[in-house]
Student: 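Input: one structure, supplied below.
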Amino acid sequence: MPERILLHLFIIFSFSHFAVNSFAQDSSRIRVSLLTCTPGNELYSIFGHSALRVVDSSSVTDIVYNYGTFNFDDEGFYLKFIRGKLLYSLSVENFNDDDSVIGFKSSYQLENRGITEQVLNFSAAEKISLQHALIENLKEENRHYKYDFFLDNCTTRLRDLIVKNKHRQPLLPAVMPTHYRFRQAIHQYLNAGKQYWGKLGIDILLGAPTDAVMTASQQQFLPDNLMMALDSAKIFPLVQSSENLFATQLENNDSWFTPMFFFTALLCLYILLSFSSNKKLKLILSGLDILLFFITGLLGILLVFMWIATDHTMTKNNYNLLWALPTHIVFAAFIKSSKVLVKKYFFITAVILVLLLLSWFFLPQQMSTALIPFVMLLLFRSVSIYLKK
């Protein structure tokens, strides 16, 4: 009999203790969740997006905090963007529509982009702390930051806030293979989105630092990786619940007009023109040579500028300068000349290009295979100009 009484008392105590703890956890009347949006069809949205949603039942608000805001009307916008000096900002918007403004959810639904919500497993004190941090960061003197796609972006900012405001600061695990590099990570999204030309442009602009192996923390620059890392934190779970708010898939925008096809066709065209004896075609070929080397030299100048005159960390040490020689922009004007200096220049160019092609897959930087036909074209025309009587 005394044992049964003790058992009943234990059960009553346990339930009352659980109720008190539940009340304590919910006393903030706040729910904080990470929103992860799927990639869009355009290059600027191909890597997805992250935002924080804060539902405060005390003030009856449902607000999304977004670190991915920038101002197109900012003076010198494009120059700042190219130089890596463009400021991004923290902004807020309603999750749902109101009378005059489309909410966060509807705007992504209109773009046919999915949204996954992860409710964070935070105590009342931790949720209040995180909310205060967001409000503090929203102040004019704090809301702007210098954006870095790989190291300081709209996703890493949220990751840092989540980790900092958790009492037991978690170590988020790696969600990609330990040998994975930055370039491999972004290639996954560019390939999935069939962004062949965008991938080529990115591979040309980004130098050897992009081929560094990512740490577990660095992997979280991608929204999907942060979402998976939060789910994978097992010792101190960070996710209370997860829900797919809107599911969708990328449209298939595949195209046969790829860089590999274009450059191969261009190489074939030059070869056909080179073996023609028609004087008009020879004149056209000469003009195409000038254009070819001028554009290549212009691109080389851009790569040098991105290396030494910008704050971008991933555009340094760019091995694409081995084929995009900035000096081409000068010697393009002397292609018709038979001077010894001009012939020596194109001979040296041909030697450099041969060595580059032989070492293509062994360089510290992963070079785009789509460029091989283009480099072969530069080699072919350099040899032709050198041998021309």
Side-chain angles (χ1 to χ4, degrees), residues 181 183-184 186-187 190-191 195-211 255-276 284-307 314-336 342-388:
R181 305 172 189 276
R183 197 184 303 271
Q184 289 176 291
I186 62 175
H187 276 182
L190 293 166
N191 291 336
Q195 294 283 347
Y196 304 122
W197 286 97
K199 178 183 176 182
L200 174 66
I202 288 171
D203 277 344
I204 291 174
L205 286 175
L206 297 181
T210 319
D211 293 284
S255 172
W256 58 269
F257 189 67
T258 64
M260 178 65 79
F261 173 85
F262 174 74
F263 291 138
T264 302
L266 191 64
L267 174 60
C268 293
L269 174 64
Y270 267 87
I271 292 173
L272 289 174
L273 291 174
S274 298
F275 288 101
S276 172
I284 291 173
L285 178 62
S286 180
L288 288 175
D289 279 340
I290 294 172
L291 186 63
L292 172 68
F293 285 96
F294 179 82
I295 292 175
T296 305
L298 196 63
L299 177 60
I301 292 174
L302 173 63
L303 296 184
V304 171
F305 175 81
M306 296 297 291
W307 183 341
M314 296 295 185
T315 57
K316 316 295 182 186
N317 307 326
N318 197 330
Y319 281 72
N320 283 298
L321 281 164
L322 292 173
W323 60 266
L325 298 172
T327 47
H328 284 344
I329 200 169
V330 175
F331 281 88
F334 300 97
I335 281 177
K336 294 182 179 181
V342 175
K343 288 187 172 293
K344 281 185 177 180
Y345 175 81
F346 284 101
F347 174 76
I348 294 171
T349 298
V351 172
I352 293 172
L353 294 176
V354 168
L355 294 175
L356 173 59
L357 287 170
L358 290 174
S359 59
W360 193 267
F361 297 102
F362 306 101
L363 295 171
Q365 176 178 328
Q366 182 181 342
M367 307 286 280
S368 173
T369 55
L371 285 170
I372 291 177
F374 184 76
V375 176
M376 291 175 66
L377 171 59
L378 291 173
L379 172 60
F380 172 61
R381 294 314 303 157
S382 295
V383 172
S384 297
I385 294 167
Y386 169 71
L387 296 176
K388 184 173 64 176

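In what follows, residues are counted from 1 in the order of the sequence shown.
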Student: Taking all non-hydrogen atoms of both residues, which atom of K336 and which atom of S286 are closest, and how far apart?
Tutor: CE-OG, 2.9 Å

Student: Which atom pair, heavy atoms only, marks the closest approach of L303 to A324?
Tutor: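 Reported closest heavy-atom pair: CD1-CB, 4.2 Å.
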
Student: So, the side chain of W256 versus the backbone of F261: is there a donor-acceptor pair under 3.5 Å, distance only?
Tutor: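 No, W256 side chain to F261 backbone: no donor-acceptor pair under 3.5 Å.
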
Student: Would you name the heavy atoms of I335 and I385 that are closest together and state the gap between them?
Tutor: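 Looks like CG2-CD1, 3.9 Å.
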
Student: OG1 of T264 to CD1 of I372: how many Å apart, nearest 0.5 Å?
Tutor: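 Output value for this atom pair is 9.5 Å.
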
Student: Take atom NZ of K388 as the centre, draw a 6.0 Å sphere, and report whether it contains more than 12 heavy atoms from other residues, nucleotides or ligands.
Tutor: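 For K388, atom NZ is crowded (more than 12 foreign heavy atoms under 6.0 Å).
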
Student: About how many Å separate OG of S368 and CD1 of I202, when rounded to the nearest 0.5 Å?
Tutor: 11.0 Å

Student: For a quick test of reading the model, state the closest non-hydrogen atom pair linking L267 to P373 and the distance between them.
Tutor: CD2-O, 4.1 Å

Student: Tell me the closest heavy-atom pair linking D211 and R181, and the distance in Å.
Tutor: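 So the two residues come closest at O-NH1, 2.7 Å.
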
Student: Between L299 and I295, does a side-chain contact (heavy atoms from CB on, under 4.5 Å) hold up when you go through it step by step?
Tutor: CA-CA 6 Å; L299 177 60; I295 292 175; 5.6 Å; no

Student: Give the ring-plane orientation class for Y345 versus F331, where under 30° counts as parallel, over 60° as perpendicular and anything between as tilted.
Tutor: parallel

Student: Give the minimum heavy-atom separation between Q365 and D203, together with the two atoms involved.
Tutor: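 Where Q365 meets D203 most closely, the heavy atoms are NE2-O, 4.1 Å.
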
Student: Using the rule side chain to side chain contact (heavy atoms under 4.5 Å, CB included), only one of V354, I348, T349 pairs with I352; which is it?
Tutor: I348

Student: Say whether, by atom type as modelled, one donor and one acceptor occur between the side chain of S359 and the main chain of F362 under 3.5 angstrom.
Tutor: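 The answer is no, because no donor-acceptor pair under 3.5 Å joins these two groups.
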
Student: Can you find a heavy atom in the side chain of V375 that is under 4.5 Å from one in the side chain of F263?
Tutor: no

Student: Let's go through S274 and L285 carefully: what are the C-alpha distance in whole Å and the side-chain angles of both, what is the deciding distance for side-chain contact (heavy atoms from CB on, under 4.5 Å) to 0.1 Å, and is it a yes or a no?
Tutor: CA-CA 7 Å; S274 298; L285 178 62; 3.8 Å; yes

Student: Quick one: CG on L205 to CG on L302, what's the gap to the nearest 0.5 Å?
Tutor: 6.0 Å

Student: Going by the ring-ring contact (aromatic ring centres under 6.0 Å, His included) test, name the single residue among F293, F374, W360 that passes it with W323.
Tutor: F374

Student: Could you walk me through whether T315 and W307 pass the side-chain contact (heavy atoms from CB on, under 4.5 Å) check?
Tutor: CA-CA 5 Å; T315 57; W307 183 341; 5.6 Å; no

Student: Decide if atom CZ of F380 counts as having more than 12 heavy atoms of other residues, nucleotides or ligands within a radius under 6.0 Å.
Tutor: yes

Student: Does the side-chain contact (heavy atoms from CB on, under 4.5 Å) test come out yes or no for L206 and I186, once each step is laid out?
Tutor: CA-CA 12 Å; L206 297 181; I186 62 175; 4.0 Å; yes

Student: Atom CE of residue position M260 - does it have more than 12 heavy atoms of other residues, nucleotides or ligands inside 6.0 Å?
Tutor: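 Yes, the 6.0 Å shell around CE holds more than 12 heavy atoms from other groups.
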
Student: Give, for atom CG of N191 and atom OH of Y196, the distance between the pair rounded to the nearest 0.5 Å.
Tutor: 7.5 Å

Student: For the CG atom of L356 and the CG atom of L321, what is their distance to the nearest 0.5 Å?
Tutor: 11.0 Å

Student: Can you measure from CE (M306) to CE (M314) and round to the nearest 0.5 angstrom?
Tutor: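 The CE atom of M314 is 13.0 Å from CE of M306, to the nearest 0.5 Å.
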
Student: Which label fits F347 and Y386: parallel for a plane angle under 30°, tilted from 30 to 60°, or perpendicular past 60°?
Tutor: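 Aromatic pair F347/Y386 classed tilted.
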
